[in-house]
Asker: 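Below is one structure. I have some questions about it.
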Amino acid sequence: MTVTISWHEASARRLERQFLANPAPEGAAVPDLVSAMLGAHAQVLSAAELSIGVRSAGLTRADVRTALWDDRSLVKTHGPRGTVHLLPARELPLWTAALTAVPSAPSPFPADARLTEEQTRQILAAIGDALDGVCLTIDELSEEVVARTGPWAGDLVMPAFQGMWPRWRQVMHRAGQAGALCFGPPRGRKVTYTRPPHTDPLPAQDALRTLVLHYLRAYGPATPAHFAKWLAAPARWAAGLFERLATDAAIEEVVLQGSPAWVAAGDTSFPAPEWKGVRLLPYFDAYVIAAQPRESLFPGEAYRRALAGGQAGNYPVLLVDGVVAGVWHQRRQGRRTTVTVEALGALTARQRRELDEQVGRVGEALEAAPELVLGEVTVGPHA
């Protein structure tokens, strides 16, 4: 008999497994939290620090930076969707094997600016060689790549902000995904790059299988289309991958809100009660990006107010009882940060108290004294 799962049941389990329903105890290992999230989006490092911080009691941005730059138990590199993520160093063999097995999207650049596969191979090898054992700024790395390949790699053909970037940079994200590049410690105000520790990647199909199961345990039930969107992979390719895993009995079908979806085989236990609580999640938090269906996570007015053209993550969100119920932002001045919250509906007295606690947690994670400013918000009559 097919298991039928409601949105609230799915949401409660995801929040629990994301350490959002019940934050991990003080002293939790930072890589374990990041692993549960399937990576912390780190295009803006402070957002990644906060994503990790709100999932554990007592963690601060200093703990994340220690894991990243001192212990090296985290790696800052290009992960899902080609975007910058923090990933556990121990999981690099999985990520590099899985991400390089995802078919590449067609090049968005004009024909005379594109790279051939042979040129791409040369650039990836040059990046890995140039960064082995050193940290280089982007300009230093560019010089090394061009010296190792040829002047064609340095042609300024990529539109970028108000200038042009050299040709080789269009595959920089692939170098990160392949394990040839990651971020190094900042050199003053300059970003540096280095090569992560050498690892032996897993066989591609084993890595893809493991990644799907990891994804389904964290964010399932989900469809191949949900997985493809999260990974920025071709939908038809993802559908074929799920079909093979279903044939191998690695995943099983369930019904989520009346539609077919998938979970890891045997992983069909869901909390009975829906989760009740308030959370503040930063830009591009992993839960906001991955949890589907998106229209259930962003109900009603939240879909218009908290999504940018249907894209999740552009706004920090107020989560109430498992769904987006507002947006917020912060402004830091010295040791103080002001958190301004715009709720889209009335908050109960209990929710208002929880919001105060969450603002305190944001301040603790960012090592700042927090102050809450309420925007368009009212407090309802019931505690």
Asker: Charged N to carboxylate O under 4.0 angstrom, Glu342 versus Arg305?
Answerer: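 Salt bridge between Glu342 and Arg305, a charged N being under 4.0 Å from a carboxylate O: yes.
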Asker: Val75: which other cluster members, linking ILVMFWY side chains closer than 4.5 Å, directly or transitively?
Answerer: Leu92
Asker: Are any of the side-chain heavy atoms of Ile123 and Arg174 separated by less than 4.5 Å?
Answerer: no
Asker: Which pairs count as side-chain hydrogen bond (donor to acceptor under 3.5 Å, both in side chains) when at least one residue sits in residues 40-54, sequence neighbours excluded?
Answerer: Glu49-Arg65, Ser51-Asp285
Asker: With side chains defined as the heavy atoms from C-beta onward, is the minimum distance between Val102 and Leu231 less than 4.5 Å?
Answerer: yes
Asker: Are any of the side-chain nitrogens in Glu9 or Arg13 under 4.0 Å away from the carboxylate oxygens of its partner?
Answerer: no
Asker: What I want to find out is whether Arg187 reaches Glu140 closely enough, with some N-O distance under 4.0 Å, to be called a salt bridge.
Answerer: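 Salt bridge: yes.
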Asker: Salt bridge or not between Glu354 and Arg350? Use side-chain N to carboxylate O under 4.0 Å.
Answerer: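 Salt bridge between Glu354 and Arg350, a charged N being under 4.0 Å from a carboxylate O: yes.
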Asker: Hey, are the side chains of Leu280 and Leu319 touching, using non-hydrogen atoms and a 4.5 Å cut-off?
Answerer: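 They are not in contact (no side-chain heavy atoms under 4.5 Å apart), so the answer is no.
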Asker: So, do Leu372 and Thr340 sit near enough that their side-chain heavy atoms are less than 4.5 Å apart?
Answerer: no
Asker: With sequence neighbours excluded, give me every side-chain hydrogen bond (donor to acceptor under 3.5 Å, both in side chains) pair touching residues 190-209.
Answerer: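 Counting only pairs at least two positions apart or across chains, the side-chain hydrogen bond (donor to acceptor under 3.5 Å, both in side chains) contacts touching residues 190-209 are Asp132-His198.
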Asker: Can you see whether Ser296 engages Gln257 through a side-chain donor-acceptor pair at a distance of less than 3.5 angstrom?
Answerer: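 Indeed, the side chains of Ser296 and Gln257 share at least one donor-acceptor pair under 3.5 Å.
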Asker: Between Thr149 and Gln122, does any side-chain donor sit less than 3.5 Å from a side-chain acceptor?
Answerer: no
Asker: Please determine whether the number of non-hydrogen atoms from other residues, nucleotides or ligands lying under 6.0 Å from atom CG of Asp356 exceeds 12.
Answerer: yes
Asker: Any side-chain heavy-atom pair from Trp237 and Pro224 closer than 4.5 angstrom?
Answerer: no
Asker: Can you tell me how far the CE atom of Met37 sits from the CZ atom of Phe19, to the nearest 0.5 Å?
Answerer: 11.0 Å
Asker: Salt bridge (charged side-chain N to carboxylate O under 4.0 Å, His left out) for Arg17 and Asp267? Distances and angles first, verdict last.
Answerer: CA-CA 13 Å; Arg17 293 183 176 184; Asp267 192 25; 2.8 Å; yes
Asker: Indicate yes or no: does Arg90 engage Asp32 in a salt bridge with an N to O separation below 4.0 Å.
Answerer: yes
Asker: With no hydrogens and no angle check, do the side chains of Glu91 and Ser35 hold a donor and an acceptor under 3.5 Å apart?
Answerer: yes
Asker: Report yes if the distance between the aromatic ring centroids of Phe227 and Tyr215 is under 6.0 Å, otherwise no.
Answerer: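 Ring-ring flag for Phe227/Tyr215: true, centres closer than 6.0 Å.
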Asker: Testing the 3.5 Å rule here: is there a donor-acceptor pair between the side chains of Trp168 and Ser142?
Answerer: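 Note: Trp168 and Ser142 side chains meet the donor-acceptor criterion.
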Asker: On the ring face of Tyr219, is Arg14 found with NZ or CZ under 6.0 Å from the centre and within 45° of the axis?
Answerer: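 No, Arg14 and Tyr219 do not form such a contact.
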